[in-house]
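I have placed the structure first, in the form of structure tokens, so that the comments after it can refer back to it.
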Amino acid sequence: MTDIDELTGLFEALGADDASGWAESEAEEGIPQLARFRFLRMVWQDIDAWSSAAPHWVEAYRKEGLAGGAVERAVRLGLTPAELGEIAREIARETAFALLQGMDDPDRGDVPPGTGGHLPGWRLAELSPRGEPTGRTLGALHEDLNETEPQSPAGGVV
């Protein structure tokens with residue numbers, strides 16, 4: 001089995017629509033696409049949980065929590081848990097996109113005047129299956145967030 005075949009199999013196991021395209025990009029361009037896809041898949045699982053678990057969190061928020069009053073009012077006005085889940089999922093997607101974009105451009109946020117060039121930045125780096133640094137950085141993740149969106153939310157509310 002070639003590296004591309006093995007990579008393609010791993011992308012397929014993670015649910016990539018274009019598994020061979022992702023694998024070829026990693027093998028030919030040296031981009032840590034498997035690590036990028038795996039990370040974005042995890043992000044989507046968290047985003048999708050807002051819709052798939054809506055009945056549970058709506059009920060819990062109605063009983064207590066900072067947003068409890070707003071959730072209670074929304075339900076009284078006729079919004080269903082599924083509708084609230086759709087709203088929450090979209091907010092989570094927008095937040096994830098902004099965070100991923102901010103990782104690539106730390107000066108994008110509200111930086112106090114005079115601090116530019118003096119503040120630390122950050123990066124997300126790939127580790128080997130044994131937990132050792134590979135030296136490859138997962139950059140521009142926001143560019144592939146929407147591309148990696150599952151065709152249907154896992155366990156989504158209908």
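Computation of the quantities below employed the complete heavy-atom set of this structure, encompassing side-chain atoms and omitting hydrogens, waters and symmetry-equivalent molecules.
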**Request:** Might you confirm whether atom CG of Leu77 has over 12 heavy atoms from other residues, nucleotides or ligands at distances under 6.0 Å?
**Result:**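 Yes, because the 6.0 Å sphere around CG of Leu77 holds more than 12 heavy atoms from other groups.
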**Prompt:** Is the CD atom of Glu64 crowded by more than 12 outside heavy atoms at less than 6.0 Å?
**Reply:**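 Result for CD/Glu64: open.
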**Message:** Before you tell me yes or no, could you show the steps for Leu100 and Phe39 under side chain to side chain contact (heavy atoms under 4.5 Å, CB included), namely the whole-Å CA-CA distance, both residues' side-chain angles and the distance that decides it to 0.1 Å?
**Reply:** CA-CA 11 Å; Leu100 294 173; Phe39 183 82; 3.8 Å; yes
**Request:** Report the C-alpha distance between Trp44 and Ile47 in whole Å, list the side-chain angles of each, state the deciding distance to 0.1 Å, and finish with yes or no for side chain to side chain contact (heavy atoms under 4.5 Å, CB included).
**Result:** CA-CA 5 Å; Trp44 274 111; Ile47 292 170; 3.6 Å; yes
Can you tell me how far the [atom1] atom of [X] sits from the [atom2] atom of [Y], to the nearest 0.5 Å?
{"X": "Ile91", "Y": "Trp50", "atom1": "CD1", "atom2": "CH2", "answer": "9.0 Å"}
{"X": "Arg38", "Y": "Leu10", "atom1": "CZ", "atom2": "CG", "answer": "10.5 Å"}
{"X": "Phe11", "Y": "Ile4", "atom1": "CZ", "atom2": "CD1", "answer": "11.0 Å"}

What donor-acceptor contacts under 3.5 angstrom involve side-chain atoms of residues 27-34, with partners at least two apart or in another chain?
| residue | atom | partner | partner atom | Å |
| --- | --- | --- | --- | --- |
| Glu29 | OE2 | Ser25 | OG | 3.3 |
| Gln33 | OE1 | Arg36 | NH1 | 2.9 |
| Gln33 | NE2 | Ser25 | OG | 2.9 |

**Message:** Pair Arg41, Thr148 - check side chain to side chain contact (heavy atoms under 4.5 Å, CB included), show working.
**Reply:** CA-CA 7 Å; Arg41 180 177 178 267; Thr148 57; over 6 Å; no
**Worked verdict on Val43 versus Leu141 for side chain to side chain contact (heavy atoms under 4.5 Å, CB included)** = CA-CA 11 Å; Val43 170; Leu141 289 165; over 6 Å; no
**Request:** Answer with yes or no whether the hydrophobic clustering places Trp57 together with Ile87; edges join I, L, V, M, F, W, Y residues whose side-chain heavy atoms lie under 4.5 Å apart.
**Result:**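 Trp57 and Ile87: one cluster.
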**Prompt:** Any salt bridge between Glu90 and Arg93, counting N to O under 4.0 Å?
**Reply:**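 Yes.
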**Asked** Arg89 and salt bridge (charged side-chain N to carboxylate O under 4.0 Å, His left out): which partner among Glu149, Glu94, Glu83?
**Response**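 Going through the options one by one, the only one that passes is Glu149.
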